J.: 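For reference, the structure I am asking about is given below.
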Amino acid sequence: MSTLQALVDAVALGSIYALVAVGIGLVFGVLRLINFAYGELITAGAYTLWVLRSLPAVVAILACFAVVVSLSLLLERVAFRPLRKATPATMLIATFAVSYLLQSIYLLVFGSLGNSVSTLAGLQQAVDLGGLRIRWITIVSLACGSLLLIGTAILLGRTSIGLHMRAAATDFQTARVLGVRANRVIAFAFLVSGVLAAAVSVLFTVQNSLVTPDLGVPITIFALVGVVVGGLDRLWTATLGGFAIGFAYSLLGDKLSGEARVYLPSLVFGLVIVVLLLRPGGLFAGQPRSVERV
Amino acid sequence: MPDAMLELEGLEVRYGVVAAVRALDLRIERGELVGLIGPNGAGKSSTLLAIMGVVPVARGEVRLRGVSIRGRAPEAIARAGISLVPEGRHIFAGLTVEENLRLGRAARRDANGVEADLRRVYGLFPAIAGSLSRQGSALSGGQQQQLAIARALLARPDVLLLDEPSLGLAPTVVESVFAALEEVRAQGVTILLVEQRAQVTVSTADRTYVLANGELRLSLTPADANDTARLAAAYLS
């Protein structure tokens with residue numbers, strides 16, 4: 001595979017991780033909570049596509065969005081809102097608990113062997129563009145990823161609710177004192193992150209059709225690594241971090257052959273350690289954070 | 001009987017076992033400007049934060065227009081008609097001045113009259129009007145304070161709470177801030193002003209209370225503004 005070919009695939013994978021990074025970053029912005037259960041939203045969307053595999057793709061995809069967004073809002077209402085005044089550690093553990101609970105439910109309902117999703121399978125076909133064999137899903141991932149990221153940027157930058165979210169992410173208490181409704185802003189963050197998770201469900205299952213109960217876990221971990229590498233302070237640095245991890249994963253994967261590919265995650269994580277040693281504040285953060293541990 | 005806008009009855013605020021405010025009774029009539037002065041740690045800011053619902057009220061009652069607002073969320077209290085200009089301004093440095101002002105409208109109870117209110121705050125603070133596209137962080141300390149007050153006024157509050165608006169400002173800027181407050185009061189807004197600058201507060205406010213160790217110690221009128229011995233005694237009591 002040519003380097004250019006690998007670059008195109010890297011952009012597509014990067015756009016998916018960027019969507020996940022933004023989904024996680026939106027909730028982190030308003031709640032200061034890293035939602036480790038985010039991957040289970042993606043898995044829920046993937047199983048919805050599988051369950052509705054006999055229906056037209058449009059119906060299955062709409063249902064996927066409805067299920068994932070509803071689940072995201074339900075988690076906020078049932079699991080996270082009652083704990084909002086708890087310590088950050090408690091909140092974090094709650095996200096792990098929710099993650100394992102949902103994985104267990106998926107395991108009980110769908111089994112461990114995995115189910116193959118064929119929604120939009122036609123997008124696996126390749127098109128010849130100037131000597132490059134590019135799969136339609138690569139183009140669609142790139143287009144959808146870009147549109148959703150631009151849409152999120154417009155939402156945050158041009159609307160009242162977006163302004164309220166940015167203010168809440170900066171200083172929630174002052175935002176509330178000004179009249180910004182905490183519940184509304186947080187629910188909206190979960191809603192948007194749910195939409196992004198649903199989009200990832202659709203795009204990811206075209207590229208990797210086998211859906212297992214732990215499908216979302218590695219996606220979340222890699223995106224989180226991207227978020228940390230990019231810098232968690234701002235959404236755009238988290239987005240770039242997501243892209244960066246997709247790039248690293250795809251390009252390194254291209255260089256590794258056969259059995260050596262099992263070392264791909266180790267290589268990516270090794271690279272992350274090097275990046276964080278050199279730039280503890282994140283690859284794209286403006287000011288290096290002063291972090292001291294004893 | 002005069003029209004009570006804001007009432008505190010036996011207000012107590014605690015941080016753990018420490019009582020920051022004890023048995024505080026305060027009644028502010030509609031359109032009044034009332035000062036609250038006292039040494040550091042007297043409980044002035046805690047009083048404002050308790051009114052605003054930012055810190056819980058351990059005991060007592062907070063009423064707005066005769067209706068209890070105790071236990072309500074800060075955003076609900078803001079939407080009921082109280083605006084706080086917090087200590088340290090707390091403007092959003094990463095947002096533009098225009099965006100900061102838009103945030104001030106979050107608590108408005110009616111969407112009408114926004115343009116007129118904007119003209120009014122631009123008239124009070126011309127420097128803000130000329131800086132709409134600048135980032136909040138690019139403003140001077142005085143301009144940031146003006147922005148914080150302008151932002152609070154755009155909620156069209158019945159009661160304006162100010163926590164040390166003169167903190168860190170040059171004397172000329174302090175004068176302009178106090179002049180603006182008098183104008184805001186003239187427009188019918190009830191004001192509770194927490195300040196360290198005793199003399200200017202006493203001379204500006206209709207009544208000023210001295211708070212020490214969380215308790216009201218003294219009530220002063222503008223006639224006491226030049227009685228420096230009484231002011232000093234109030235602080236040292």
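Each chain gets a letter, A, B and so on, in the order the sequences are listed, and its residues count up from 1. Keep in mind it's a predicted model, so treat the numbers as computed, not measured.
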J.: Between atom CG of A/Asn183 and atom CD of B/Glu75, what is the distance when rounded to the nearest 0.5 Å?
T.: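 Nearest 0.5 Å value for the CG-CD distance: 7.0 Å.
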J.: Where does B/Arg108 contact chain A at under 4.5 Å (heavy atoms): side chain, backbone, both or neither?
T.: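 Neither part; nothing is under 4.5 Å.
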J.: Roughly how far apart are A/Leu163 CG and B/Asn100 CG, rounded to 0.5 Å?
T.: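 Between A/Leu163 CG and B/Asn100 CG, I get 8.5 Å after rounding to 0.5 Å.
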J.: Quick one: closest heavy-atom pair of A/Arg176 and B/Ala78, and the distance?
T.: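 So the minimum-distance heavy-atom pair works out to O-CB, 4.4 Å.
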J.: Can you tell me which portion of A/Arg166 sits under 4.5 Å from chain B's heavy atoms? Options are side chain, backbone, both or neither.
T.: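 Side chain only.
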J.: Looking only at non-hydrogen atoms, find the nearest pair between A/Gly157 and B/Glu99 and report the distance.
T.: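 Smallest heavy-atom distance, with atoms named: O-OE2, 4.4 Å.
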J.: Counting only heavy atoms not in A/Arg184 (residues, nucleotides, ligands), do more than 12 fall under 6.0 Å from its CZ?
T.: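 It does not: A/Arg184 CZ has 12 such atoms or fewer within range.
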J.: Give, as side chain, backbone, both or neither, the part of B/Leu95 having an atom under 4.5 angstrom from any heavy atom of chain A.
T.: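 The side chain, not the backbone.
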J.: Is atom CZ of B/Arg70 surrounded by more than 12 heavy atoms (other residues, nucleotides or ligands) closer than 6.0 Å?
T.: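 Check passes, neighbour count above 12.
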J.: Does atom CZ of A/Arg77 have more than 12 heavy-atom neighbours from other groups under 6.0 Å away?
T.: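 Atom CZ in A/Arg77 is not packed in, count stays at 12 or less.
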J.: Would you find more than 12 non-hydrogen atoms of other residues, nucleotides or ligands less than 6.0 Å from A/Tyr100 atom OH?
T.: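 Result for OH/A/Tyr100: open.
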J.: Let me confirm one number: the OG1-CG distance from A/Thr174 to B/Leu103, rounded to the nearest 0.5 Å.
T.: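 Atom-to-atom, A/Thr174:OG1 and B/Leu103:CG are 10.5 Å apart.
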J.: Of A/Leu178, A/Asp171, A/Val177, which meets side chain to side chain contact (heavy atoms under 4.5 Å, CB included) against B/His90?
T.: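 That would be A/Asp171; it is the only one of A/Leu178, A/Asp171, A/Val177 passing the side chain to side chain contact (heavy atoms under 4.5 Å, CB included) with B/His90.
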